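No hydrogens, no waters, no symmetry mates; every other heavy atom, side chains included, goes into these values. Remember, it's a predicted structure, so these values are computed and weren't measured experimentally.
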Amino acid sequence: MDTVLDHIYELNDDATVIRHPSTGISPDLVFGLDSRQFLSISDDLREVVDPLHHATEIDVLTLDTTGHIHNDTCGCNSAAGSHDDVLARVDLEKFLETIKKEDVYRVKGFVRLESGEWWIVNWAFGRLELVKSTNEAIGRDWLGAVRITVMGIGLQVWIDKFCNGFAISKSSTNLVKALER
């Protein structure tokens, strides 16, 4: 247990640790895989939460093809002018299984799968949840097939792997590195 606590404090020395019974607690409670859980946040809480709190702790990589129109120089494998990209669910799941949870903490966002429908991707520490989006506004005006945010450390070395895994070009990525403390 001491080794685990050392790793936690190495990542975040301000982390609060709560001891729990040996029977354990639900990982869904800890990692919040239910994306609907925090849909309504009170105004009082918004004032307390620093929206840039993660800037000194983690890298954030965005993968976004939703405004991308293919052309002869974009580096994609799609025909110029097309915007009907899709991902195969089985390929996406296989790719996400290869991610090292020690480097990549969270992958979340939207992908358009082979059915043509948009799906919510929620991957955290090796656990994947794919939920079909029921919001008709999602994807209505988006062109590509990927709108994903990746959070972790040392994500610079992961850019090519994520581009291959989500079948996108580097021009559709943006990396914001954690600020030096």
Side-chain angles (χ1 to χ4, degrees), residues 24-55 58-70 74 76-79 81-101 103-152 155 158-159 161-176:
I25 57 175
S26 167
D28 288 339
L29 175 65
V30 174
F31 298 118
L33 287 178
D34 182 359
S35 299
R36 297 168 292 261
Q37 183 175 358
F38 301 104
L39 285 178
S40 60
I41 297 176
S42 71
D43 289 337
D44 294 338
L45 183 58
R46 285 184 209 284
E47 293 174 11
V48 175
V49 176
D50 177 7
L52 300 175
H53 68 91
H54 65 277
I58 62 171
D59 295 344
V60 177
L61 173 65
T62 55
L63 313 167
D64 191 351
T65 63
T66 59
H68 177 75
I69 298 176
H70 299 294
C74 69
C76 297
N77 294 326
S78 299
S82 73
H83 57 268
D84 28 331
D85 301 336
V86 294
L87 295 171
R89 181 179 179 141
V90 66
D91 293 340
L92 177 63
E93 289 173 342
K94 281 182 188 176
F95 163 67
L96 292 172
E97 288 173 5
T98 68
I99 296 174
K100 293 182 181 176
K101 60 186 175 184
D103 295 337
V104 179
Y105 305 143
R106 197 85 188 239
V107 177
K108 50 188 319 177
F110 300 92
V111 295
R112 186 167 37 187
L113 296 180
E114 64 270 340
S115 64
E117 299 168 314
W118 285 92
W119 287 70
I120 300 167
V121 175
N122 197 354
W123 182 97
F125 300 97
R127 295 185 58 210
L128 172 64
E129 180 181 41
L130 280 173
V131 178
K132 184 176 156 188
S133 175
T134 57
N135 185 337
E136 292 179 13
I138 298 297
R140 180 181 303 145
D141 299 323
W142 297 348
L143 301 177
V146 176
R147 188 172 221 172
I148 292 288
T149 299
V150 180
M151 293 161 268
L155 294 182
W158 284 88
I159 292 175
K161 187 165 187 167
F162 274 98
C163 286
N164 290 333
F166 283 97
I168 65 172
S169 70
K170 276 189 181 180
S171 65
S172 298
T173 67
N174 181 47
L175 175 64
V176 177

*Asks:* Roughly how far apart are W119 CH2 and L87 CG, rounded to 0.5 Å?
*Replies:* 13.0 Å

*Asks:* Is there a side-chain contact between V131 and N122 (heavy atoms, below 4.5 Å)?
*Replies:* no

*Asks:* Strictly distance-based, threshold 3.5 Å: is any side-chain N or O of T65 a donor or acceptor partner for the main-chain N or O of V146?
*Replies:* yes

*Asks:* A side-chain contact here means heavy atoms from C-beta on lying under 4.5 Å apart; do F110 and I148 qualify?
*Replies:* no

*Asks:* Does the side chain of R127 come within less than 4.5 Å of K101's, by heavy atoms?
*Replies:* no

*Asks:* Relative to each other, are the rings of F162 and F166 parallel, tilted or perpendicular (30° and 60° limits)?
*Replies:* parallel

*Asks:* Atom CG in L175, atom CD1 in I159: separation rounded to 0.5 Å?
*Replies:* 4.5 Å

*Asks:* Any donor-acceptor pair under 3.5 Å linking the side chain of E114 with the backbone of R89?
*Replies:* yes

*Asks:* Is the shortest side-chain heavy-atom distance between W123 and I99 below 4.5 Å?
*Replies:* yes

*Asks:* Determine whether I58 and R106 make a side-chain contact, defined as any pair of heavy atoms from C-beta on separated by less than 4.5 Å.
*Replies:* no

*Asks:* Are any of the side-chain heavy atoms of L128 and V121 separated by less than 4.5 Å?
*Replies:* yes

*Asks:* Give, for atom CG of N135 and atom CH2 of W118, the distance between the pair rounded to the nearest 0.5 Å.
*Replies:* 12.5 Å

*Asks:* How about I168 and C163: do any of their side-chain heavy atoms sit closer than 4.5 Å?
*Replies:* yes

